[in-house]
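Along the sequence shown, residues are numbered consecutively beginning with 1. Values below: every heavy atom of this structure, side chains too, minus hydrogens, waters and symmetry copies.
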Amino acid sequence: MRQALRGLTTRGRAFMAAGITASLCALLLGQKDLLRVGILLVALPVVAALVVGRTRLRLQVRRSLTPNQIPVGTQATVELTLTNEGRMPAGLLLLEDRIPYVLGHRPRFVVDRVSPNWRRTVTYPVKSDVRGLFQVGPLMLTVADPFGLVETSRTFTRSQHLLVTPRVYKLPEIRLGADRAGSGENRPRAIAAAGEEDATVREYRDGDDLRRVHWRSTARRGELMVRREEQPWQSRCSLFIDARTISHHGHGPSSSLEWAVSAAASVGADRIRRGYATTMLGGPTTLSAINHRSSMAVHQPLSSQQLLTECATVEEHRYAEIGALLTVDRHAQEPSLVIAILGACTGDDITALNRWRTSQATGVALLLDAASWAVGAEATEKAARLRAATDATENELRRNGWRVARVQRGDQLPTVWSGLGLRTGRIA
């Protein structure tokens, strides 16, 4: 009863106020007819509150989301099956399913009367032009009296998640020269060419166990070398996405970050399809590993589904340098191919990238010219500085042996990717 009285609508409160006022005036003026009207105006909301408060619905809701994973710009369908398992009828019901605004307007359904054993199925579409993991539900039920004087709301607990993945492009087949470090017959040739000792050591990295230092190779090369735990028996690809705020421009689906995320998903899916054990850095798993000081999850090769989930949930972050994002990836087995999707970098960033890419790995960089995504006053003020920084980054990466493809706004990923092969004459 108290909850129902707290659910008085504006109309219900107006009736109560008018009834109390009329009753007081009737008592002061001695008008019995006016007193009857006042009592009636007060009684109506009270009776409505009693009726709504005694309503005992046993409403069951079953939700079906088809499909529960969609690319950006496509549509999914939500189906709600409502069943009244109670014996008591109910009056007017308002049903509202809570969804994020990016999926569309919140769907509302009005039910005039719910009888015992009542059942109804309703559907509505959801669509998003923004990637991410979105919660669909829970359903909110509002019970109202026929006069609109009282309404109470109840919220169900169950909800589902809709994964909206970035756009994935089919990439042309090109040879990047990384297969030679992979598995099978290539391994004996690699050892024969470099020697058993050289093939099982690599450069020292910050954080490596000093007990793994190979002193003979260190003395011969003049720099610290460590033993590998084992030779890579499968081609490995390590993928990095630069999601720093300072590296990107634009907002929403047309931003440079969305181009980078789509590129990461497409390139990663392409490598997985070609048999590479693929890991990804710079996404939410990397940030979580840094925060919790644990890199176990970063080392695990991704399936196609895990890659799409990782890319769908990438968000901009405010790390100033990318060194911390790269040092969490410490494979016992070194990758034969590293692919970086970058914005403009500083000298320290390029140093970190070169440490991440070993001398035996092929390095590929998709360098986003963020200035081409800047618009309006932002483009006028920052374009020259950004382009100069991007030019310097491109020159430094090429000088250090990276294959670099520079990306402008409006460039299509398949064209950019095939250009990496055209410049080297290695299209398969």
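- Residues T346 and E321 bring no donor and acceptor atom of their side chains to less than 3.5 Å of each other.
- Scanning all heavy atoms of the two residues, the minimum distance from V261 to C311 falls at CG1-O, 3.3 Å.
- Rounding to the nearest 0.5 angstrom, the gap separating the CZ atom in R357 from the OG atom in S238 is 13.0 Å.
- At distances below 3.5 Å, at least one donor-acceptor pair connects side-chain atoms of S256 with backbone N or O atoms of H249.
- Cation-pi geometry between R244 and Y319 is not satisfied (NZ or CZ under 6.0 Å from the ring centre, within 45° of the ring normal).
- When atom types are taken as modelled, the side chain of S266 and the backbone of A263 share no donor-acceptor pair closer than 3.5 angstrom.
- Looking only at distances, no side-chain donor or acceptor of S336 sits under 3.5 Å from a matching main-chain atom of A361.
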Take W417 and D270, measure what side-chain hydrogen bond (donor to acceptor under 3.5 Å, both in side chains) needs, and give me the verdict at the end.
CA-CA 11 Å; W417 188 251; D270 180 76; 4.6 Å; no

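- For R274, the CZ atom is densely surrounded, since the number of other residues' heavy atoms within 6.0 Å is greater than 12.
- A donor-acceptor pair is defined here as one N or O able to donate and one able to accept, closer than 3.5 Å; such a pair exists between the side chain of S418 and the backbone of P414.
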When you look at L95 and M140, which way does the side chain to side chain contact (heavy atoms under 4.5 Å, CB included) test go after all the steps?
CA-CA 6 Å; L95 305 173; M140 186 173 68; over 6 Å; no

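- Minimum heavy-atom separation, A340 to W356: CB-CZ3, 4.1 Å.
- The distance from the CG atom of L337 to the SG atom of C237 is 4.5 Å, given to the nearest 0.5 Å.
- Rounded to the nearest 0.5 angstrom, T165 OG1 and R131 CZ are separated by 10.5 Å.
- The backbone N or O of R167 lies less than 3.5 Å from a partner atom in the side chain of S262, making a donor-acceptor pair.
- Side-chain atoms of N354 come within 3.5 Å of backbone N or O of I350 as a donor-acceptor pair.
- Partner of R406 under the side chain to side chain donor-acceptor pair (under 3.5 Å) criterion, out of T390, T393, D391: D391 alone.
- Contact record, V267 with I339: CG1-CD1, 3.4 Å, taken as the closest heavy-atom pair.
- Checked by atom type and distance alone, the side chain of T245 pairs as donor or acceptor with a backbone atom of H317 at under 3.5 Å.
- In this structure, CD on Q60 lies 7.5 Å from CZ on R158, to the nearest 0.5 angstrom.
- Inspection of the T309 and Q305 side chains reveals an N or O donor paired with an N or O acceptor under 3.5 Å.
- In this model, no donor atom of one side chain and acceptor atom of the other lie less than 3.5 Å apart for Q300 and Q306.
- Contact check for I272 versus T278: side-chain heavy atoms found under the 4.5 Å cut-off.
- Judged purely by atom type and a 3.5 angstrom limit, E96 has no side-chain atom pairing as donor or acceptor with the backbone of L141.
- Between T142 and S153, the side chains place a donor N or O and an acceptor N or O closer than 3.5 Å (distance only, hydrogens not considered).
- For the pair P107/I99, a side-chain contact is recorded, criterion being any heavy-atom separation below 4.5 Å from C-beta on.
- For R409 and W259, the positive end is not near the middle of the six-membered ring at less than 6.0 Å and at most 45° from its axis.
- With rounding to the nearest 0.5 angstrom, the CG atom of L325 is 6.5 Å from the CG atom of L287.
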